[in-house]
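Predicted model only: the values in this text are computed from it and were never measured. Chain A is the first sequence line, chain B the second, and so forth, proteins listed ahead of strands; every chain is numbered from 1.
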2 protein chains.
Amino acid sequence: MATSDATAVIGITIRDVAREAGVSTATVSRALRGLPNVDPVTREHVKRVADRLDYVISPAASRLASGRAGSIAVITPFLARWYFSKVLHGVERILQRSDLDLLLYSTGDPSEVHRVPPHRRLRRRVDAVLVIGLPVDSPDLQELFELDLPVTLIGAHSAGVSSVSIDDVEGGRMATQHLVNLGHERIGLISGRPLPTPFFPENDRLSGYQQALSASGLVVDQQLQVPGFFTIEGGEHAMTAQLAQPKPPTAVFAMSDEMAFGALRALRRHGLQPGRDVSIVGFDGHEMADLLDLTTVCQPAEDLGALAARCLLDLLDDPSIEPQAKRLPTQLYVRGSTAIRGAAHPVSLPRHGNDAKP
Amino acid sequence: MATSDATAVIGITIRDVAREAGVSTATVSRALRGLPNVDPVTREHVKRVADRLDYVISPAASRLASGRAGSIAVITPFLARWYFSKVLHGVERILQRSDLDLLLYSTGDPSEVHRVPPHRRLRRRVDAVLVIGLPVDSPDLQELFELDLPVTLIGAHSAGVSSVSIDDVEGGRMATQHLVNLGHERIGLISGRPLPTPFFPENDRLSGYQQALSASGLVVDQQLQVPGFFTIEGGEHAMTAQLAQPKPPTAVFAMSDEMAFGALRALRRHGLQPGRDVSIVGFDGHEMADLLDLTTVCQPAEDLGALAARCLLDLLDDPSIEPQAKRLPTQLYVRGSTAIRGAAHPVSLPRHGNDAKP
DNA sequence: GGAGGGGATGACAGCGCTTACAAAGGGGCT
DNA sequence: AGCCCCTTTGTAAGCGCTGTCATCCCCTCC
């Protein structure tokens, strides 16, 4: 291969800059990368020449020579769901300022059949990995750890791995306690998957739920815990199942806003009014929660992503940093979907949620 | 630098595979990449050896030698908004099967101050570019074209550039015609930005809106066109502004579901009921539209992304393919937020005097 | 004034692939 | 039998950087 003429249309190389600036390629490399031990005058000169020639470094060459991949992978099961897109946004914002490329890998639902296992693709391709909300016991993740790359987990945590998440136990407790405080005693739960996954948000939220109930001397009833799979439809089905019980709950904590939205729809379909007939608390702080007047536990998803990205960048700078699990606070936003138990009337059957004016 | 011992911990190289398989590195390269003119037996053998050694090609080396960047950039202004995250998901799904890396670049709102202009970062770094929903007149995009890379636009179109989008004129017409058919005569519009952008969805939707009105002999009233900036809040403000008019519209077409959601909230805040008092049509097919009983023009966002990715892959395969503008169909979903004008009661005044439920 | 030190620069050998080109072998065909 | 062509394989020259090492030069200090 090879065009021996370096000035060809293909592109300006470091050699062209070196020649033009009257220095060696090594000096150009050092000057442009901000390395120490370069005369400020030389550096300025080189920079100016590079600019004038419109020189752009060849990432491939640089990577090959330096052994660094120059990019980091972001692995997420979903792209179009609230939490994941928010986190990704935060990550991107930070990474954009670094000179690392952001390689996006979506795995799809962990339960699905995989297309290409990420670790296979990641080898020699990235310097570090950011994982959004994948269960730690996922085989993919295990193989990822074996790649021996710096990893930061978002929304999950694991011993010996740096992570950024919220305090899900506290979040679950907060949501449930709110319902308890309103006088509710039969408090249902719309959880994620049927089988709990260790070290994963849903377990912690479940713990918080259980703790809040127990602390108030309430019974933790397995019948009142229905999986909603973190989707709107799932939430709707779960709520419908709750309502179908012989003794339905008077309040429900849904582990995500999207499931809570589904629950709201189920209520509407049953002619029930959120807050008055059944109280609902969500989890996330979805923009739509305000719209639907849903009480919810807000989590700073975008900040989680940004913080995780910063951690990873730091880790890349100084690999000796001990991994640590950082937490960001959550906050309860109380809205109309929760109310004192039996505040207005016992269950009645209005058609649609809209009340008359005073 | 340089460990001369290739079998070092650093990694297995093509040379190791070649030695182990008893062939030359060239043959290994050819065999592994599926190039023609390799004896099937040799190929199988090489593959087996490579597998056994757990060999992974070094992208950097491959890219440097071949001159291909091995990755494509996806540029999007937003990550966490419905349309963009859906499209991105579609793109990712297709690209995952290719051996190209997906580099994610979010520009933020085009009106914002930029961090790093994308084209600066893209040079020598990607083989092709996928642009989601950026106005064609954006300076960024212009400089992008000058990079002379294969480009595919999603949700916009431009002469000489391949693109994938919906028929926004038809979509706007469909939404508006629906309202006309229901007997509405004062039909408001919640648009995107105040100033129209050439070749951009909002202009086409606007055209569709105008066409539908004109075709039915209705007046196109500038006063009834309010920008909503494609956000919930923007939609709410816009709707509020519509209601504050001396002669408010009886129906409104919002150019996105998120703005329509905001409009719904504005209605609620004014004690008005969607469908009965004011009809609202959205645009997108957001999951939440079903929940909120919003009539909307559905667009297949994920399919748009997938199709665009396929186009770009094809273009990369065969650069001689003529750029073409592909379109995907939209579909009107009629729900409760639109109804025959004055079906229940004649139009009541927005501010006060709202009657109770039947 | 000479030795020693340190900052600035240059020379150059790779990094691990790809690919033109050359070479070798194996038929089919005349 | 000899020729030609095609398939398969090997050889080796880069791709455009980085990093080590050597060199040079200017200062400082004794």
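Rounded to an integer number of Å, the gap from OH of A/Tyr55 to P of D/dC17 is 3 Å. Going from atom CD1 of A/Ile57 over to atom C1' of D/dG19 covers 13 Å, rounded to whole Å. Following rounding to the nearest Å, B/Arg125 (CZ) and D/dC15 (C1') show an atom-to-atom distance of 17 Å. In this entry the distance linking CZ of B/Arg68 with P of C/dT19 reads 5 Å, nearest Å. Between A/Leu32 atom CG and D/dG16 atom P the separation is 16 Å, expressed in whole Å. For the pair B/Ile12 CD1 and C/dC17 P, the computed distance is 10 Å after rounding to whole Å. If you take CG of A/Asp99 and C1' of D/dT18, they are 15 Å apart, rounded to a whole angstrom. We find that CG of A/Leu64 is positioned 4 Å from C1' of C/dC15, with the value rounded to whole Å.
In this structure a side-chain-to-backbone donor-acceptor pair under 3.5 Å is missing from A/Asp127 to A/Ile72. With A/Arg93 contributing its side chain and A/Glu302 its backbone, the two residues share no donor-acceptor pair below 3.5 Å. Looking at A/Arg68, its side chain never comes within 3.5 Å of a backbone N or O of A/Arg63 through a donor-acceptor pair. A donor-acceptor pair under 3.5 Å is absent between the side-chain atoms of B/Ser158 and the main chain of B/Val161, judged by distance alone. Side chain of B/Thr42 to main chain of B/Val38: no donor-acceptor pair is present (N/O by atom type, distance under 3.5 Å, no hydrogens or angles). Counting only distance, with no hydrogens or angles, the side chain of A/Arg43 and the backbone of A/Leu35 share a donor-acceptor pair below 3.5 Å. Judged by distance alone, the side chain of A/Ser71 and the main-chain N or O of A/Arg125 form a donor-acceptor pair under 3.5 Å.
Considering only side-chain N and O atoms, B/Arg63 lies nowhere under 4.0 angstrom from the phosphate OP1 or OP2 of D/dC17. For the OP1/OP2 pair of D/dT7 and a distance below 4.0 Å, the side-chain nitrogens and oxygens of B/Asn37 include no atom meeting the criterion. A sub-4.0 Å separation between OP1 or OP2 of C/dT18 and a side-chain N or O of B/Ser62 is present. OP1 or OP2 of C/dG10 sits under 4.0 Å from a side-chain N or O of A/Thr27. Contact annotation: A/Ser24 reaches the phosphate of C/dG10 (side-chain N/O to OP1 or OP2, under 4.0 Å). An OP1 or OP2 oxygen of D/dC17 is reached within less than 4.0 angstrom by a side-chain nitrogen or oxygen of B/Arg124. OP1 or OP2 of C/dT18 lies within a sub-4.0 Å distance of a side-chain N or O belonging to B/Ser29.
Using a 4.5 Å heavy-atom threshold, the side chains of A/Lys47 and A/Leu32 count as touching.
In the region residues 38-50 of chain A, proximity to DNA chain C at under 4.0 angstrom, judged on heavy atoms, holds for A/Val38, A/Asp39, A/Thr42.
Donor-acceptor pairing under 3.5 Å, judged by distance alone, is present between the side chain of A/Arg30 and the base of C/dG10.
When the nucleotides D/dT18, C/dT18, D/dG16 are ranked by their closest atom to the side chain of A/Arg33, D/dT18 comes out on top. Closest approach to the B/Ser66 side chain among D/dG10, C/dT19, D/dC17 is made by C/dT19 (side chain taken as heavy atoms from C-beta onward).
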For this session: Applying side-chain contact (heavy atoms from CB on, under 4.5 Å), run through B/Ile57 and B/Ile14 and close with a yes or a no.
Result: CA-CA 7 Å; B/Ile57 200 173; B/Ile14 199 172; over 6 Å; no
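Salt-bridge annotation for B/Arg48 and B/Asp51: absent, with no side-chain N of the basic residue lying under 4.0 Å from a carboxylate O of the acidic one.
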For this session: Would you write the dot-bracket representation of DNA chain D, where each base gets (, ), [, ], | or . depending on whether it forms a Watson-Crick or G-U pair under 3.5 Å and with which partner?
Result: ||||||||||||||||||||||||||||||
